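Remarks on the structure that follows.
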Amino acid sequence: MTDAAQDRRTGDADGDAVHQRRTGDADRGTVHDRLTGDAVRVRGIGAGDWDAVVALERAAYAPLGLSEGRAALQSRAAASPETCFVLDAGGRTAGYVLALPYPPLACPDLGRAEEAAADPAGNLHLHDLVIAPDLRRRGLAQHLLRRLAGTARDRGDERISLVAVGGSDRWWSARGFTPHPEVVPAGPYGADAVYMSRPVPAPREVS
């Protein structure tokens with residue numbers, strides 16, 4: 001899902017100020033928030049991160065009736081740990097992204113935990129992207145998106161897909177994602193859910 005700050009579901013991941021990313025080694029290490037100077041780091045999800053991830057997910061999706069809960073979230077990450085990340089900013093966990101290989105034109109069932117993901121490269125599904133409410137509109141989501149795009153390139157993926165919820169499809173359209181009206185997301189994504197995808201962006205193309 002993807003609701004931009006909410007993503008999976010995929011929505012307004014970070015408002016509209018998401019263009020401060022860098023490429024290359026900077027994506028793999030620590031950079032600094034251009035507004036506050038705070039250190040910003042994207043890294044893999046560790047066992048100690050789940051309380052923060054679950055709290056962020058609940059705050060983003062419970063009001064929409066889309067919260068999955070700890071077990072389902074952990075199952076998504078366990079299916080493809082190398083494509084799931086947290087973002088640290090200002091000394092705390094400020095956001096996360098969960099993505100996993102998934103067949104094109106298909107998406108996870110929100111009512112079920114994930115089984116082992118198929119590993120072959122091809123389509124990487126951006127299931128969830130959340131930024132803490134008080135840190136949105138600072139471009140932080142872009143750090144996660146750029147890291148995810150680099151990971152997709154390294155894997156040899158051709159496309160990135162997502163399900164936009166909460167009216168966020170316009171935000172994602174502006175970032176190169178196109179809708180697939182023939183796909184109706186299964187499960188409780190909501191009546192306004194839109195399945196979307198785009199080619200894996202080239203370096204420096206994410207904005």
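Fair warning: this is a prediction, and the values are worked out from it, not measured in the lab.
Legend: residues meeting salt bridge (Lys or Arg N to Asp or Glu O under 4.0 Å) with Arg159, ordered by chain and number and at least two apart, are absent. Asp134 pairs by the side-chain contact (heavy atoms from CB on, under 4.5 Å) definition with Arg92, Ala132, not counting sequence neighbours. Considering only residues two or more places apart in sequence or on other chains, Arg58 meets the side-chain contact (heavy atoms from CB on, under 4.5 Å) condition with Val54, Ala62, Ser67. Residues that satisfy the side-chain contact (heavy atoms from CB on, under 4.5 Å) test with Ala106, not counting sequence neighbours, are Tyr102, Pro103. For Ala193, the side-chain contact (heavy atoms from CB on, under 4.5 Å) test picks out Val163, Val165, Pro185, Tyr189, with sequence neighbours left out. Take Arg112 and apply the side-chain hydrogen bond (donor to acceptor under 3.5 Å, both in side chains) test, not counting sequence neighbours, and it matches no residue. With sequence neighbours left out, Phe85 forms a ring pair (Phe, Tyr, Trp, His ring centres under 6.0 Å) with no residue at all.
Between the side chain of Ser75 and the backbone N or O of Glu114 there is at least one donor-acceptor pair closer than 3.5 Å. Checking side-chain atoms of Thr83 against main-chain N and O of Ala99 turns up a donor-acceptor pair under 3.5 Å. Formation of a donor-acceptor pair under 3.5 Å by the Asp169 side chain with backbone atoms of Val194 is not found in this model. At distances below 3.5 Å, not a single donor-acceptor pair connects side-chain atoms of Arg147 with backbone N or O atoms of Cys84.
With values rounded to the nearest 0.5 angstrom, Glu182 atom CD is found 9.0 Å from Tyr195 atom OH. Here His143 contributes atom NE2 and Ile131 contributes atom CD1; the two are 9.0 Å apart, rounded to the nearest 0.5 Å. Atom CG in Asn123 sits 8.0 Å away from atom CG in Leu105 (nearest 0.5 Å). Within the model, atoms CE of Met196 and CG of Leu126 stand 12.0 Å from one another, a figure rounded to the nearest 0.5 Å. Of the inter-residue distances, the one linking Cys107 atom SG with His125 atom NE2 reads 5.5 Å to the nearest 0.5 angstrom.
Sequence neighbours left out, the pairs with a member in residues 43-53 that pass salt bridge (charged side-chain N to carboxylate O under 4.0 Å, His left out) are Arg43-Asp49, Arg43-Asp88, Asp51-Arg70.
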